[in-house]
Amino acid sequence: MGSATRQALAVSKAALADLGSAADLATAENLFEAARVIGESGQLRAAIADPSAGARVKSELIARVFGDRVSKPAATLLASVASGRWSNQDDLLAAIEELGIRAAARSVGERASLESELFAFGSAVTSDPQLELALGSQLGSVEAKVSLVDALLVGKANDATIAIVRQLVRQPRGRSLRSSAAAAAAIVADEAGLAIATVTSAVPLTSAQLERLSGQLSTQYSRRIKLNVLIDPAVIAGLRIRIGDDVVDGTIASRINDVKMRIAG
């Protein structure tokens with residue numbers, strides 16, 4: 001992420017915070033729709049991301065394109081995005097989607113655990129090759145994929161989770177569903193002041209072990225940590241912990257692999 005994008009995203013996130021409760025699930029869905037419209041039009045995308053164009057000109061363009069198609073809070077956020085200077089067009093689309101995910105997270109407050117639902121969905125897709133192919137293949141129709149998502153999640157997951165997953169399926173932007181779901185879960189957690197640690201273990205951890213690990217990581221990273229645990233017997237023993245770009249691999253499988261590499265070298 002370039003410095004221009006970081007600054008522009010910070011401004012847009014502040015605009016979202018200023019909206020307070022006015023940013024609801026409808027706002028999120030409006031932003032997701034706008035991201036798809038902009039993503040499908042190279043001309044529109046280039047015009048909004050053009051660093052040489054004035055903020056006012058780009059905001060007026062957004063107003064002409066979307067007009068009454070989006071709510072006032074969504075229009076405010078889109079104008080904020082259009083006013084920013086983005087490092088590239090991909091960052092622009094990612095920012096609109098991120099604002100939508102954050103708005104969806106804000107719409108449910110602290111009672112729902114959207115990040116857990118997103119993580120569980122991503123894990124379920126990865127563990128089922130047929131499901132992963134059905135949702136990730138470029139050959140299937142988008143609406144068929146959305147219908148499959150609805151069949152899997154409606155009545156079982158929060159409406160905000162469903163809206164986010166629908167967006168990830170409709171506009172994959174070259175990402176696997178597993179990676180996009182994980183990224184969305186991280187954004188939801190960040191909106192709640194949390195960070196996600198993905199912990200891979202050969203066996204389930206006890207409640208005491210989870211509590212101790214969460215406390216240690218929270219101290220180390222100076223923020224609350226939410227643990228998502230994957231069970232993978234292939235690691236043999238020990239833990240692999242990923243938080244953002246940080247990975248600590250203390251598994252036996254990793255040590256064995258290191259030994260094999262040294263012998264081979």
Side-chain angles (χ1 to χ4, degrees), residues 1-107 138 142 163-177 179-191 195 244-245:
M1 183 185 296
S3 59
T5 288
R6 283 194 293 271
Q7 182 175 354
L9 183 57
V11 171
S12 294
K13 286 162 61 177
L16 173 62
D18 289 343
L19 288 172
S21 60
D24 54 12
L25 185 55
T27 304
E29 291 176 326
N30 285 168
L31 291 171
F32 293 152
E33 180 184 1
R36 295 193 295 273
V37 170
I38 295 171
E40 291 169 359
S41 172
Q43 184 177 3
L44 177 58
R45 191 167 63 251
I48 298 172
D50 184 0
S52 66
R56 181 176 178 180
V57 172
K58 293 193 287 186
S59 294
E60 290 174 350
L61 174 60
I62 284 288
R64 289 198 303 272
V65 171
F66 294 101
D68 296 333
R69 293 173 60 179
V70 299
S71 65
K72 186 175 180 180
T76 297
L77 292 171
L78 288 172
S80 174
V81 170
S83 299
R85 294 174 62 88
W86 302 93
S87 299
N88 54 60
Q89 295 180 23
D90 288 341
D91 285 356
L92 169 72
L93 291 179
I96 299 174
E97 181 177 277
E98 177 171 335
L99 289 174
I101 293 171
R102 289 181 181 276
R106 293 170 69 89
S107 73
Q138 296 181 0
V142 171
I164 292 171
V165 175
R166 286 172 178 163
Q167 163 61 15
L168 302 180
V169 167
R170 284 177 169 142
Q171 193 175 31
R173 300 196 344 261
R175 305 165 296 179
S176 70
L177 191 53
S179 64
S180 61
I187 292 170
V188 168
D190 183 68
E191 187 63 28
D245 294 330

Counting heavy atoms not belonging to R85, are there more than 12 under 6.0 Å from its CZ?
no

Over all heavy atoms of both residues, which pair between A79 and I62 is shortest? Give the atoms and the distance, please.
N-CG2, 4.4 Å

Please report the interatomic distance CD1(I38) to CD1(I48), rounded to the nearest 0.5 Å.
4.0 Å

Are any non-hydrogen side-chain atoms of I164 and V188 less than 4.5 angstrom apart?
yes

Working to the nearest 0.5 angstrom, can you tell me the gap between D90 CG and R45 CZ?
7.5 Å

What is the minimum heavy-atom distance between G39 and Q171, and which atoms define it?
CA-NE2, 3.8 Å

Between the CD1 atom in I187 and the CD1 atom in I101, the distance rounded to the nearest 0.5 Å is 4.0 Å

What donor-acceptor contacts under 3.5 angstrom involve side-chain atoms of residues 9-21, with partners at least two apart or in another chain?
unit_1	atom_1	unit_2	atom_2	d
S12	OG	A8	O	3.3
S12	OG	S80	OG	3.3

Given the options R102, R166, R175, E97 meets salt bridge (charged side-chain N to carboxylate O under 4.0 Å, His left out) only with R175

Separation of S71 OG from L31 CG (nearest 0.5 Å)
7.5 Å

When you measure from the side chain of K58 to the backbone N and O of S83, does any donor-acceptor pair fall under 3.5 Å?
no

For Q7, is the CD atom crowded, meaning more than 12 foreign heavy atoms sit under 6.0 Å from it?
no

Step by step, would you call L177 with S180 a side-chain contact (heavy atoms from CB on, under 4.5 Å)?
CA-CA 5 Å; L177 191 53; S180 61; 3.7 Å; yes

Presence of salt bridge, R36 and E40, under 4.0 angstrom
no

Rounding to 0.5 Å, atoms CD (E98) and CG (L93) come to a distance of 13.0 Å

N30 and T27: side chain donor to acceptor below 3.5 Å:
no

Would you check if the side chain of D91 reaches a backbone N or O of W86 as a donor-acceptor pair within less than 3.5 Å?
no

I need the L61 CG to R64 CZ distance, nearest 0.5 Å.
5.0 Å

Which residues satisfy the side-chain contact (heavy atoms from CB on, under 4.5 Å) test with A28, sequence neighbours excluded?
L25, F32, A103, A104

Note: S87 and T5 closest approach over all heavy atoms is N-OG1, 2.9 Å

